[in-house]
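Bear in mind the structure is a predicted one, so any value in this text is a computation, not a measurement.
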Amino acid sequence: MEWVNETSVREFFFLGLSSLAGLQQLLFVVFLLLYLFMMGTNAIIISTIVLDRALHTPMHFFLGVLSCSETCYTFVIIPKMLVDLLAQKKTISFLGCAIQMFTFLFLICSHSFLLAAMGYDHYVAICNRLRYTVLMGYGGCLGLVAAACACGFTVSVVITSLIFHLPFHSSNHLHHYFYDISPVLKVASHHSRLSQLVIFMLGVFVLVIPLLLILVSYIHIISVILKIPSSVGRYKAFSTCASHLIVVTIHYGCASFIYLRPNSNYSSSQDTLISVSYTILTPLFNPMIYSLRSKEFKSALRRTMVQTSCPIN
């Protein structure tokens, strides 16, 4: 893709965390420890799912892909943020901005559709158990992941192309800690109503459509669960879905607050706080919510540790 932009701006300055100048080193240590913990837990989850055959199920396949997705999109943002916390000049080149925005949008949009695919997996497992192995076979799971990635790629190409063909003459200071849509539109010299409408509609497509699919799935799931005569069976079915619902609520709630609102309501301080939650805190809690609290996963982790620690005869 050729980036053509009539602009005098060749780099951007990040101001998202500059107001906390006295806490830069402390924030660096805190975010670095959180990032290392996040990367470590995701690495454990992915390796355990790959190595333990008992976890070679559609649900854990999606969990592994979700962990990969979170690892990748945090890698796009957090290392640069850590460097900026210690740097005097917090800049990024125009091309670097384009790459960061495209990659982040691709991963976060794919992540949104992936959560919808996981909702469908729960629906089939509970509401259509007899056909579960047919509908959620290896090919079906790969197809859902490929569809999520294709949707994310298309949306990221369109949005990044629209934004980077805007003129940037007046300011190159971004009140954020990474290259996101709202702060960039704020510093653009001008942008048409059509481009704003297209970006908003794509936001609706990425956030509202998957969320509606998840809600429909859970309406059917709840109706089936309530018909289970055993209270133990109902609890087990609800606990299976609880982790997914918590992650869905956090992800779509934070993302909708930022992307599905008029640009005139943009607030740099609010956006920075909310962005921290879904770029740092959500990926931090997701491994614990999804996998590390699961008895099945803990058993698989213990088996994997025993197998890898035993000497090979």
Evaluate the side chain to side chain contact (heavy atoms under 4.5 Å, CB included) criterion for residues Met118 and Leu63: first the C-alpha distance (whole Å), next the side-chain angles of each, then the deciding distance (0.1 Å), finally the verdict.
CA-CA 8 Å; Met118 295 176 74; Leu63 289 179; 3.6 Å; yes
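- A 6.0 Å sphere centred on CZ of Phe153 holds no more than 12 heavy atoms belonging to other residues, nucleotides or ligands.
- Using a 4.5 Å cut-off on side-chain heavy atoms (C-beta onward), Leu135 and Tyr120 make contact.
- Leu202 pairs with exactly one of Leu105, Leu197, Val158 by the side chain to side chain contact (heavy atoms under 4.5 Å, CB included) rule, that one being Val158.
- Between the side chain of Thr41 and the backbone N or O of Met38, at least one donor-acceptor pair lies under 3.5 Å.
- Residues Val50 and Met39 fall into different hydrophobic clusters, defined by Ile, Leu, Val, Met, Phe, Trp and Tyr side chains chained together at heavy-atom separations under 4.5 Å.
- In this structure a side-chain-to-backbone donor-acceptor pair under 3.5 Å is missing from His122 to Tyr218.
- No side-chain heavy atom of Ile78 sits less than 4.5 Å from a side-chain heavy atom of Leu34.
- Closest approach of Gly119 and Ser217 over heavy atoms only: O-CB, 4.0 Å.
- In this pair, His220 and Tyr123 present their aromatic rings perpendicular. The plane angle is above 60°, beyond the 30 to 60° band.
- Residues Asp121 and Phe61 form no side-chain contact, since every pair of their non-hydrogen atoms from C-beta on lies 4.5 Å or further apart.
- Proximity of a side-chain donor or acceptor of Thr154 to a complementary backbone N or O of Ala150 within less than 3.5 Å is detected.
- Under the 4.5 Å side-chain criterion, counting only non-hydrogen atoms from C-beta, Ile99 is not in contact with Val76.
- For Ala117 against Leu144, the heavy-atom pair with the smallest separation is CB-CB, 4.1 Å.
- Between Tyr252 and Val208 the shortest side-chain heavy-atom distance does not fall below 4.5 Å.
- Ring planes of Tyr73 and His111: perpendicular class, angle over 60° (limits at 30 and 60°).
- In this structure a side-chain-to-backbone donor-acceptor pair under 3.5 Å is missing from Thr103 to Gln100.
- Connection of Met59 to Ile126 is not established within any shared hydrophobic cluster, with ILVMFWY side chains joined at heavy-atom distances below 4.5 Å, either directly or through further cluster members.
- For Phe106 against Ser156, the heavy-atom pair with the smallest separation is N-CB, 3.5 Å.
- Linking ILVMFWY residues whenever their side-chain heavy atoms come closer than 4.5 Å, directly or via other members, places Leu142 and Val65 in the same cluster.
- Between Leu207 and Leu211 there is no side-chain heavy-atom pair separated by less than 4.5 Å.
- A heavy-atom distance below 4.5 Å is found between the side chains of Ile46 and Cys68.
- Met305 and Leu51 fall into different hydrophobic clusters, where Ile, Leu, Val, Met, Phe, Trp and Tyr residues are linked whenever their side-chain heavy atoms come under 4.5 Å apart, directly or through other members.
- Between Tyr35 and Met81 there is no side-chain heavy-atom pair separated by less than 4.5 Å.
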